[in-house]
Every structure is written in C-alpha cells, then in structure tokens.
Amino acid sequence: MMTAGHDTLFFRIKDPMDVAKARREGMQMSMGLGFNQADATKIAVVISELGRNIVNYAGSGTITVIARSETNGKKYMRIIADDKGPGIPDVERVLAGGYTTSNGLGLGISGSKKLVDEFSIHSEVGKGTTVTAVKWLVK
Amino acid sequence: MDYSAIQKLENLLLVSVPRDLVDDDVIRMRRDILQAVRKYNSQIVLLDFSQVDICDSFFGRFIYSTAQMTKLMGAKIILSGLQDAVIETMVELGMALPDVDAVLDLDSALALSRAQAVQGSLVEGAASGPPEA
Ligand SMILES: Nc1ncnc2c1ncn2[C@@H]1O[C@H](COP(=O)(O)OP(=O)(O)OP(=O)(O)O)[C@@H](O)[C@H]1O
Ligand SMILES: [Mg+2]
C-alpha cells in the first residue's frame with residue numbers, strides 16, 4: 001500500500017551557516033525519501049546555490065524543502081527559496097548563465113537548473129524573488 | 001571547525017578538506033595552505049576530498065583560486081578522493097576546473113609525487129654534471 005504524504009523543512013537564511021545547515025538537512029531528507037547519493041548531492045547543491053544567492057543578494061530569506069510521496073507511488077523533492085530582496089530585472093539572462101553582478105561565475109542559477117527536473121523563477125524588481133526547483137525520484 | 005588537517009607527507013602537502021566547509025573556513029584554509037607551502041617549500045599540494053559530499057560553485061571557485069595562488073608560489077594543486085556523486089554534480093552544474101589535476105586516491109598521489117621527485121633529482125643531477133665538450 002502506498003501512502004501519500006509529505007515532510008517539510010523550513011529554514012530562515014541570513015548567513016552561510018544557515019545555508020550549510022539547510023543543504024545538509026535537505027540532503028539527508030532526500031536520502032530518506034529514497035534518492036541515491038548522486039541525486040541527493042544535486043539537491044544539496046541546488047539548496048546551497050539558492051541559499052547563497054539569498055545571503056548575497058537579498059540579505060535574508062527562507063528556504064522550504066518538501067519531500068513528497070503521491071498515492072501512485074511517485075516521489076519528489078521540492079525546494080522553494082524565497083526572499084523580499086531587490087528582485088532580478090532580467091530573469092531570462094540569469095537563466096541563460098554566465099551573468100553575474102557579484103564577480104561570481106553566474107553558475108548558481110543556470111547550473112542548478114540543470115541538476116533538477118523543474119525549475120522556475122518568479123521575481124519582481126523591488127519586491128523579491130521566489131525560486132522553485134523540483135526533482136523526481138526515478139527508480 | 002577542525003581543518004587543521006594540513007600536514008607534510010614526503011614531498012607533498014596533504015590537506016584533508018573537511019566535510020562541511022562554511023565560507024569563512026574556506027578563506028582561512030586557503031591562507032593556511034599558502035603559508036604551509038612557503039614553510040615546507042612544497043611542490044605539490046594534495047587536496048584530499050574524500051570526506052566532502054557537497055561541492056557547490058563557491059567551493060569550485062575556492063579550488064580554482066587556490067590552484068592559481070599556489071601556482072604563483074611554484075606549487076601545484078592535485079585533487080584526490082573526489083566522490084562519484086560529487087564529480088557527477090560538479091560536471092552537471094557546469095563547474096569546469098581547467099588546469100587542476102586529479103588522482104583517484106592518496107596512493108596514486110604518492111606514486112605521482114615520488115615519480116616527480118625522482119625526475120627532479122635526475123634533472124638536477126644532469127645540470128650539475130660536467131659540461132659537454
Ligand atoms: N535572490 C536573488 N535576488 C536578487 N538577485 C539575484 C538573486 N539570485 C540571483 N540574483 C542575480 O542573478 C545573478 C546570477 O545568479 P547566479 O547564482 O546564477 O550567479 P552568481 O551568484 O552571480 O555567481 P555564482 O552563483 O556562480 O557564484 C546574480 O549575480 C544576481 O545579480
Ligand atoms: Mg549564485
């Protein structure tokens with residue numbers, strides 16, 4: 001019998017220590033849901049990149065990590081990074097990669113997108129940014 | 001955070017990179033590596049990644065910048081013990097690390113550094129030999 005349900009982790013992000021905690025616990029949760037080491041590592045890195053962006057560009061925000069099992073047996077991890085920072089003026093450009101305003105590599109967002117199955121950014125200048133990433137468990 | 005794991009091993013400088021590195025630790029570790037390279041006049045710095053299971057873009061930049069800095073001191077960075085999952089993630093993320101060599105484990109690193117040491121002494125021997133006619 002498959003049971004549906006979900007577990008949620010919620011993190012307030014304001015410094016790199018918070019990011020380290022979120023990615024570590026997110027990784028553990030992914031493995032608990034059944035993800036293998038490689039895919040759990042990818043989920044951890046996505047949490048790390050999004051968390052780091054919150055610290056660097058918005059100052060503070062939150063990360064929610066959800067482990068979900070559906071009635072049909074399908075499972076996935078969803079990561080939601082949310083902040084009330086300055087927003088991203090040109091989302092398409094950031095998604096394309098190689099664009100940075102902080103002397104980084106512009107790899108965080110474009111790279112994270114490659115590590116998951118679904119990736120979307122909702123951002124409004126002056127209001128904030130919400131990034132959502134989903135990775136399905138493939139058996 | 002215990003990252004004091006920088007030690008001299010034969011002619012290698014062995015750095016055991018801890019599992020969870022926060023940004024400040026990363027910067028401090030890089031300074032410690034540069035200091036130790038100077039102190040021991042190390043030619044090869046081996047970054048042992050076998051404990052590391054999460055490697056994001058910040059970490060990648062740390063590896064790359066450390067490689068550039070040690071190069072300016074005449075030393076070379078070699079990565080060892082990268083886990084499969086970390087390798088897969090780094091490559092898929094798009095984190096290319098040009099100019100950074102890697103070996104599978106510590107044994108291979110030692111073999112490589114011993115081979116280099118032998119080669120070095122051969123070259124030195126040749127240079128100090130009698131000039132050719
Ligand atoms: N939460 C955010 N709020 C505001 N701007 C953001 C946010 N996240 C990303 N950005 C903007 O998007 C750009 C690209 O982000 P991305 O994470 O891809 O690269 P980076 O942070 O510049 O460098 P890297 O992640 O490779 O170290 C950033 O430089 C920044 O201008
Ligand atoms: Mg970033």
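As a basis for the values below, the full set of heavy atoms in this structure was taken, side chains included, without hydrogen atoms, waters or symmetry mates. Here is the naming used below: chain letters follow the sequence lines, and residue numbers restart at 1 for every chain.
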Heavy-atom distance under 4.5 Å to chain B: side chain of A:Arg52, backbone, both or neither?
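Contact with chain B is through the side chain of A:Arg52 alone.
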Taking atom NZ of A:Lys113 as the centre, report whether more than 12 heavy atoms of other residues, nucleotides or ligands fall under 6.0 Å from it.
no
Could A:Arg23 and B:Asp53 be called an ion pair, given the rule that one side-chain N must be under 4.0 Å from one carboxylate O?
no
Salt bridge check, A:Asp18 against A:Lys21: does any charged N sit closer than 4.0 Å to a carboxylate O?
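Looking at A:Asp18 together with A:Lys21, the answer is no, because their closest N to O distance does not fall below 4.0 Å.
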Among A:Ala20, A:Pro16, A:Ala44, which residue has the highest count of heavy-atom pairs closer than 4.5 Å to chain B?
A:Pro16
Looking at A:Met27, A:Arg24, A:Met17, which one has more heavy-atom pairs under 4.5 Å with chain B than the rest?
A:Arg24
Against chain A, label B:Met95 side chain, backbone, both or neither, depending on which of its atoms sit under 4.5 Å from a heavy atom there.
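Both the backbone and the side chain of B:Met95 come within 4.5 Å of chain A.
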Checking B:Ser57 against A:Glu49: is there a side-chain donor and acceptor pair closer than 3.5 Å?
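The criterion, which ignores hydrogens and geometry beyond distance, is satisfied for B:Ser57 and A:Glu49.
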